[in-house]
Every structure is written in C-alpha cells, then in structure tokens.
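Protein chains get the first letters and strands the later ones, always in sequence-line order, with residue 1 at the start of each. Note that the coordinates shown come from a computational prediction; the quantities given were computed from them, not determined experimentally.
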Amino acid sequence: MPELPEVETVRLTVWPELAGRRISQVLIQHPDVVGGADRTAEFVEWLHEATFTGVGRRGKYLILEMRRPDGKGGGQFEVLVHLRMTGKLTCAEPADDQLPHTHLRLCLDDGRELRFADTRRFGRWTLLSGEPGCKAPRGYQELGLEPLGEGFDAPALGARLQGRGGKIKAMLLDQRIVAGIGNIYADEILHRCGLHPEMRAAQLGPDAVARLAATIPAVLSEAVGQGGTTIRDYVDGRGRKGDFVYSLRVYGRAGEPCLACGHAVAKATIAGRSTFFCPVCQPAGRGG
DNA sequence: TAAATCCTGTCA
DNA sequence: TGACAGGATTTA
C-alpha cells in the first residue's frame, strides 16, 4: 500500500499527537508484528514508560525516536515501522472502535492510543535498542538515495543506475537504488518522463537520467502535498484518505485515454507488477 | 531475473 | 473459484 508520500503523510500527521508523550502501556495482540513471540518481552520492556522524542522517515520506513526514563541504551533508541501493503498507523481515543486486524496498541499518558492495524500482516515493527543482536533489517541498511533529501540529483542517480542491465521500472522499484518508490509512483514518474517501463537502464541517455532526477522528487512531493494516494486501504495518522488518486495520469487507467495524447493507456506485467503506460507518450527503444 | 512466499480481502 | 492487490525477501 503505502509508498513514500503515504508514509511521509503518516509521519506528519502522527507526530503532533505523539510529541513528548509517554507510553503507559504496550499491548501486542499479534506477536508476528514485532518478529515473533520470542521478541515481545524485549519489545515491551523497552517501550513501556518510554517517551517519544521524534518521528523520522527513511524511504518507506517510519522511525519512532524514543527516550527511556532510566537512561538504558544511552537513553535514546529507535523503533522502525514498515507498513508494507495494508498497514495503518493511527491515533485514536480509547473509546474509538478498533479497526479490524489491529495488532499493536501503544497507550499514551494523555489517555489516547497509537494503533497499528494490518489486514495482511506483512507490516513489521523492529526495535533498534543498540544492544547486540538487535539490528535493522537488511532492506533498511541497504536503502539507496533519499528522493526528498539533500544530494538527490542527476549525477547521483546516474551513478546508481550505472552498469545496471535491468528494466527501468524494476530499477525504480529497487529500494537499494532510490528509496521510497512503489508501483503507483514508478508508473506515474515514467509517464511524466516519457520513458517506456521496459527500457533498459543502460540505454538511458543523460537527458533521460536528468528528467528522472527532476521528476522523481517532483511527483513524490506533489503527492505529499495531496496527502498521498488512496486506492483502497491507505489512511493517514488521523484516518483520512489521500487525494493524489485524482492526479494519477496512468496508474489504474487501463483503456482510458492518456491525458496527454488521448491514446488508450496500456496495461502489462513488467518486473512482476501491474504496469500502466501510454504506448505513444512512452515509446519503446528511445532513451532521450 | 523470475517465481514463490508471507497473509487476507475483494472482485470478476 | 481464481486472479489480483500499493511490498520485500528468499529461492531457484
């Protein structure tokens, strides 16, 4: 479900609710979320009585920044949250009905709760206490360029794509190259760049790389401004849907006219994922 | 580099 | 009943 703009919107909407709050109770209703039953005790031990000092983001990972009252772990530690396909992180009043498939609840000292619901249970919370054996998932360690961060430009992107023989769509989905792009935004970015999704990364000329380097942050930040994209499940930290779905130019529009040229939008499976593109605006074999 | 896998829900 | 869904990892 959530790609960078959705995760960033969740970050922006939960932080005001969490700033300075202390966790009074940790309720784990499905241990898989924290990595299995043998990790729950450690997870609860660290989070109970901890205070929120910040909420960050890297790619599609949310980073809960915490401080312990007893100074354990040097006082500071982090929890990584990945929503995967159907994860929802929301702040709620205790009296609010629980969403179906609520797996984890953090009760706060103001009486409210941070809740995690995830239908398909792919989402994961990872404790980074700094203790041995408590390390970040490899996917997090290997994250590539941050599209909305400093230093995201054509030379940096070109260097990451250098020597890669794969299809450009697969390259955009590879979190080790650029962090945060998923299936929706990959298609939207390629359409705006006029690049066929099956173009090989090695075929891309400097103009195409420059267009990608400019378009990636432009599309993602525009989507953040719209509160992300809700196709079905996604909601922000306040339970609201995102409006960028109304700005999508190709994703989910198979057979409908391209908004640029009027030709029917095509659908194909590329890199194992449903892919939408305009055969006229995104011709095969030209890398600009 | 592709397919299978982890899950549940929805739609044709 | 089978295909498919916004993700990522593991296996072949």
Roughly how far apart, to the nearest Å, are [N] and [M] at atom [atom1]?
N      : M     : atom1 : value
C/dT11 : B/dC7 : P     : 15 Å
B/dT10 : C/dA8 : C1'   : 23 Å
C/dG6  : B/dT1 : C1'   : 22 Å

Any base atoms under 4.0 Å from [X], or only sugar-phosphate, or nothing? Heavy atoms, all strands.
X        : value
A/Arg232 : base
A/Gly123 : nothing
A/Gly182 : sugar-phosphate
A/Tyr251 : sugar-phosphate

Write down the distance between [atom1] ([X]) and [atom2] ([N]), rounded to a whole number of angstrom.
X        : N     : atom1 : atom2 : result
A/Ile270 : C/dG6 : CD1   : P     : 13 Å
A/Trp125 : C/dA8 : CH2   : P     : 18 Å
A/Leu173 : C/dA5 : CG    : P     : 13 Å
A/Asp233 : C/dC4 : CG    : P     : 18 Å
A/Ile231 : C/dG7 : CD1   : C1'   : 15 Å
A/Glu8   : C/dG6 : CD    : P     : 22 Å
A/Leu62  : C/dG7 : CG    : C1'   : 15 Å
A/Arg120 : C/dG7 : CZ    : P     : 10 Å

Do the side chains of A/Asp96 and A/Arg115 get close enough for a salt bridge, i.e. N-O under 4.0 angstrom? no

ask   = Is A/Asp32 salt-bridged to A/Arg124, going by a charged N under 4.0 Å from an acidic O?
value = no

Does a side-chain heavy-atom distance below 4.5 Å link A/Val178 with A/Ile189?
no

Around [X], counting heavy atoms of other residues, nucleotides and ligands shown, do more than 12 lie under 6.0 Å from its [atom1]?
X        : atom1 : answer
A/Arg238 : CZ    : yes
A/Lys72  : NZ    : yes
A/Arg67  : CZ    : no

Within the structure, does a side-chain N or O atom of [X] lie under 4.0 Å from either OP1 or OP2 of [N]?
X        : N     : answer
A/Gln175 : C/dG7 : no
A/Arg138 : C/dA8 : no
A/Lys60  : C/dA8 : yes
A/His82  : C/dA8 : yes

5'-most contact on DNA chain B (nearest-nucleotide basis), A/His101 vs A/Ala271, goes to A/Ala271

On a heavy-atom basis, the closest approach of A/Arg58 and A/Leu145 is NH1-C, 4.2 Å

Per the 3.5 Å Watson-Crick/G-U criterion and a run length of at least three, the stems involving DNA chain C are B:1-6 with C:7-12, B:8-12 with C:1-5

If you measure from the ring centre of A/Phe122 to the centre of the six-membered ring in the base of C/dG7, is it under 5.5 Å, with the planes under 30° apart? yes

Residues at least two apart in sequence or cross-chain that pass salt bridge (charged side-chain N to carboxylate O under 4.0 Å, His left out) with A/Asp153, listed by chain then number, are none

Side chains of A/Tyr185 and A/Glu6: is there a donor and an acceptor less than 3.5 Å apart? yes

Bounded by its outermost nucleotides with an atom under 4.0 Å from a heavy atom of chain A, the footprint on DNA chain B reads B/dT1 to B/dT10

Is it the case that the side chain of A/His101 and the backbone of A/Leu99 share a donor-acceptor pair, with hydrogens and angles ignored and the cut-off at 3.5 Å?
no

* Without swapping roles, check the side chain of A/Gln175 against the backbone of A/Leu173 for a donor-acceptor pair under 3.5 Å. => yes

